[in-house]
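Since the structure comes first, as structure tokens, the remarks are kept for the end.
Computed from a predicted model, the values in this text were never measured in an experiment.
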Amino acid sequence: MIARLDQILAWSKQEKSRLGYFAALYRQMTIAVKRGIEDGKFQDPVRMDLLDRLFAGRYLDAFEAYRSGGTPTQAWQVAFQAAERNDLTIVQHLLLGINAHINLDLGIAAQEAAPGPQLQGLHHDFDTINAVISGLMNQVFTEIDLLSPVLAVLDKYGGRFEKRIMNISIDLARYEAWHLALSLNHRPAGDREAIIAHRDRLVVGLAHEVLDPGPLLSAALREVAARENHDVDLVIATLDNELREL
């Protein structure tokens, strides 16, 4: 998975594509989960490895579908298309990826990794992921401040503005993802496609709220975006923190 993410990052740098922003964040999340498995933070490391692979596979497949002209889920379509916009903040680009991947993909992957009566046994490890990712996010927020001087000032005087937004978004998304897994597990298999399609439409609605949170906030975010670093290679390298060792 990490090797495939490296390929996406290399392509994004070559094409100067903001698609690499979420890929860089997700690579660090994948490494954090990998280390968590190795450090014994999960009750069932084999199952957690399976969940991690199924979860990442949905993003990787969606990316390849989009890049090859295919059709990913609607949530990913909106997130990928937004990468063409230069009036969005780095945090908005990341939130769009988080929205599609956690609000839609995670619940599906969890139910596939632990179907039927196995699902309840996954709940503890599912929750443990939050702690693993939270440990990573503090560093990510520091990296964003290096790229976004306005957010850095807001952080200094307002106490981590983007951290509150991102953590609330991730926590709520994981809560909804678990309920999606339960819904897929408890309903007849014939309802699966309809349940996923319905959730996909809801997640698209959330994506549009990220893209356009209202006139005043949208105007403020455009000012933040205008003053951020727009060097795609540098943003990707900073978010990925290339000096970290696997």
Is it true that D240 and R27 have a side-chain N and a carboxylate O under 4.0 angstrom from each other? yes

Just by modelled atom types, is the D231 backbone N or O under 3.5 Å from a matching donor or acceptor in the N229 side chain? yes

Side-chain donor/acceptor of D44 to backbone N/O of L122, under 3.5 Å: no

Would you call R67 and E64 a salt bridge, taking side-chain N to carboxylate O under 4.0 Å as the test? yes

F80 vs W76 aromatic rings, parallel, tilted or perpendicular, using cut-offs 30° and 60°? parallel

Is it true that, when you exclude H179 itself, more than 12 heavy atoms of the residues, nucleotides or ligands shown sit nearer than 6.0 Å to its NE2? yes

Which heavy atom of A113 sits nearest to which heavy atom of R47, and what is that distance? O-CG, 4.3 Å

When you measure from the side chain of H124 to the backbone N and O of F42, does any donor-acceptor pair fall under 3.5 Å? no

Do N103 and E176 pass the side chain to side chain donor-acceptor pair (under 3.5 Å) test, and can you show the C-alpha distance, the side-chain angles, and the key distance before you say yes or no? CA-CA 6 Å; N103 272 319; E176 292 299 329; over 6 Å; no

Check whether any side-chain heavy atom of L211 sits under 4.5 Å from a side-chain heavy atom of Q92, and report yes or no. no

So which heavy atom on D212 is nearest to which on S218, and how close? OD1-OG, 3.0 Å

Polar side-chain atom of D87 near backbone of R222 as donor-acceptor pair, under 3.5 Å: no

Does E38 CD have over 12 foreign heavy atoms under 6.0 Å away? yes

Quick one: are the ring centres of H93 and F22 less than 6.0 Å apart? no

Rounded to the nearest 0.5 Å, how far apart are CG of D233 and CD1 of I236? 6.0 Å

Does a side chain donor of either E228 or S148 reach within less than 3.5 Å of an acceptor in the other side chain? yes

Verify same cluster id: L206, L25 (apolar side-chain graph, 4.5 Å): no

Interatomic distance, F55 atom CZ to Y26 atom OH [nearest 0.5 angstrom]: 4.5 Å

Heavy-atom check, side chain of L106 versus side chain of H101, under 4.5 Å: no

Donor-acceptor pair, distance only, cut-off 3.5 Å: does the side chain of D200 make one with the backbone of Q74? yes

